[in-house]
Amino acid sequence: MTMHPFSRRSARPSALRAALLPAHGTACVLLAAWLLTACGSTPLPPWPATPTAPRSAEQPAASRPQARPAPTGPAAVSRPLPDHAPLVVQGAGPMAAPAVLPSAPPASPPYGAAVAARFPEPPMAYSTPGLRPERRAFTTNAELGQWLRALADSAAQGAATGTTATTRARVLTIGNSQRGEPIAGLLLTRAAGTDPASLERSGRPTVVLIGQQHGDEPAGSEALLVVSSELAQGLLEPLLDRINVVVVPRANPDGAQAGTRVTANGLDMNRDHLLLDTPEARALAQVVNDYRPILVLDAHEFTVAGRYLQKFNAIQRYDALLQYTTTANYPEFLTKASEEWYHQPLLAALEAQDLTSHWYYTTSTDMQDQRISMGGIRPDTSRNVNGLKNAVSLLIETRGVGIGRMHIQRRVHTQVTAIASALRSTAERAADLEQVRSFVAREVSAQACRGQVVVEAAATPTRRALDFLDPDTGADRRLSVVWNSSLTLRPVKARFRPCGYWLAASATAAVERLKQLGLQVMRIAEPGAMLAETYLETARESGDRQDVRGSIAGNAGILRVQVTPMRRAIDAPAGSFYVPLNQPRAPLAVAALEPDTQNSYFANRVIADLADIARVMAIPALVFDETE
Ligand SMILES: [Zn+2]
């Protein structure tokens with residue numbers, strides 16, 4: 001058979017409702033209890049097996065609007081109407097598409113009808129500017145901004161007329177891209193105000209949803225426009241009784257415009273969340289500092305054919321690949337929350353929509369390397385760095401890179417289903433999550449000066465059966481692969497955990513970035529002595545930063561050193577800095593400042609000299625400047 005990627009059927013509101021508001025069973029509750037007993041080595045407070053907050057998202061079906069009027073009137077011509085729900089039937093309408101951009105030419109399909117038939121259209125049709133059937137380009141940056149502004153305007157009108165009781169929506173410009181494009185966000189809340197303090201006072205946890213850090217992965221961005229609309233005045237709006245949401249649909253607008261993975265200067269911004277070289281990554285870091293999300297969700301797409309076809313003569317089979325934070329020093333409680341409260345419900349939500357899923361994995365760009373690796377373990381991605389800010393941090397990937405607009409409705413449906421599941425999990429577990437976060441923040445802080453800290457860890461190689469598709473017949477093809485598991489981390493380098501780090505007065509670039517990571521850095525006001533460990537360099541070479549795909553795009557090259565810590569007293573002059581580890585984000589200071597890892601500020605030349613860093617091994621008696 002042939003399958004046209006643009007084929008549509010009428011929208012069925014009941015189908016979208018089923019995707020967004022599925023029923024819940026008791027399976028994950030039982031699993032939670034079982035996992036708790038299996039995990040007895042760490043002293044943990046009682047693990048809540050059932051949500052302590054009442055569920056809020058399931059509303060009687062009759063109370064939700066079944067359909068919306070089609071957008072009419074002159075306003076609809078120039079902007080996406082906020083009541084332009086994703087349920088709108090495709091086809092003619094006043095919202096004519098603007099001139100099609102040249103940036104998204106139709107890709108020649110990498111496979112034929114037999115494979116395509118494995119991915120039928122979903123039971124509903126989503127409609128954003130970029131998903132309209134006549135379109136060849138995805139939503140432009142200008143259209144994306146208009147969409148968010150229209151939602152905010154509509155919420156304001158609703159609030160003024162009393163039709164949408166208390167939902168507030170505010171457009172945020174969280175930063176600007178390297179080419180000067182605004183990086184737009186939308187804050188949705190039922191708090192008394194839209195500033196971070198009002199959100200904090202609301203007692204509701206905040207979620208940050210990020211799309212399109214990689215410009216050639218459009219489904220996440222389109223899906224987040226749908227989710228924004230459903231939160232503002234659709235099926236997801238009741239969740240705002242329990243949570244606040246910040247949506248950043250497109251973190252890399254330059255890459256989206258150009259159709260490239262990287263930012264305008266060629267950097268992979270999703271390896272830049274510790275170093276913060278790009279304004280795009282800094283903008284996201286600021287959002288996380290401002291809103292302290294309990295969940296950060298990062299929407300991506302993965303390569304469908306490409307190197308899988310070349311290496312394995314196979315096509316990717318799964319609709320969604322999922323992974324949560326897997327990096328050294330991530331609190332065990334947050335791993336449990338990620339697995340039991342988010343990952344298990346996600347699997348169920350996708351399955352209920354007949355969508356297949358698996359752990360996220362990738363393979364290197366080296367065609368001789370047949371290994372498959374889960375998403376990386378280094379503290380450089382959004383998934384891992386935001387986890388170390390004591391959040392649940394999820395990666396949602398759909399099968400989309402290299403296939404243009406093929407299956408775009410199904411890709412968006414997969415994203416919407418997964419994102420809605422994660423939002424529901426947060427709403428259901430809001431009180432439990434706050435409790436867990438408060439516990440791990442205290443626990444992490446209390447570890448300063450004690451025990452060992454993992455400086456570098458490695459994934460564990462194993463074997464696994466993985467299902468692909470035959471590129472000719474579309475049939476399942478099971479391969480046995482070498483599988484590097486990020487779920488089992490092996491510490492390969494550990495050290496005594498210091499009380500903090502001393503930094504020379506000249507290390508201002510590092511201090512600025514540490515603060516952008518949300519770390520407290522204190523300036524020493526009067527000279528003092530400290531018991532410390534300084535680094536003795538024993539070997540040095542230059543190299544590239546690597547991830548499981550290969551060399552990381554755009555990196556200027558790193559210094560790989562080997563060091564031996566040497567204990568001695570040092571004098572800390574006035575104007576130098578102290579980074580205490582008795583703070584909730586301490587693992588990020590370890591990641592940035594232990595010099596002999598590829599992500600460290602020394603390896604990446606943010607810190608010029610090894611003598612500018614020392615490990616402070618006893619709580620120092622120092623006088624500090626007042627900090628802001
Ligand atoms: Zn990506």
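Atoms within each ligand, like the ligands themselves, are counted from 1 in listed order.
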TODO: For the Zn ion (ligand 1), decide whether Glu217 has an N, O or S atom at a distance under 2.8 Å.
DONE: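 So Glu217 counts as coordinating the Zn ion (ligand 1), yes.
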Task: Geometric class of the His407/Tyr111 ring pair [parallel <30°, tilted 30-60°, perpendicular >60°] - done: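 Parallel, since the angle between the ring planes stays under 30°.
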Task: Identity of the N, O or S atom of His300 lying closest to the Zn ion (ligand 1) - done: ND1
Open item on the list: For N/O/S atoms only: which one belongs to His214 and is nearest the Zn ion (ligand 1)?
Closed with: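 Closest to the Zn ion (ligand 1) among those atoms: ND1.
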Open item on the list: Between the side chains of Glu301 and Arg399, is the shortest nitrogen-to-carboxylate-oxygen separation below 4.0 Å, so that they form an ion pair?
Closed with: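 Answer for the salt bridge query: no.
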- [ ] Please determine if Arg282 and Glu512 form a salt bridge, counting it only when a charged side-chain N lies under 4.0 Å from a carboxylate O.
- [x] no
Open item on the list: Taking the ring of Trp359 and the ring of Tyr324, is the distance between their centroids below 6.0 Å?
Closed with: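 Yes, they do, as the ring centres are separated by less than 6.0 Å.
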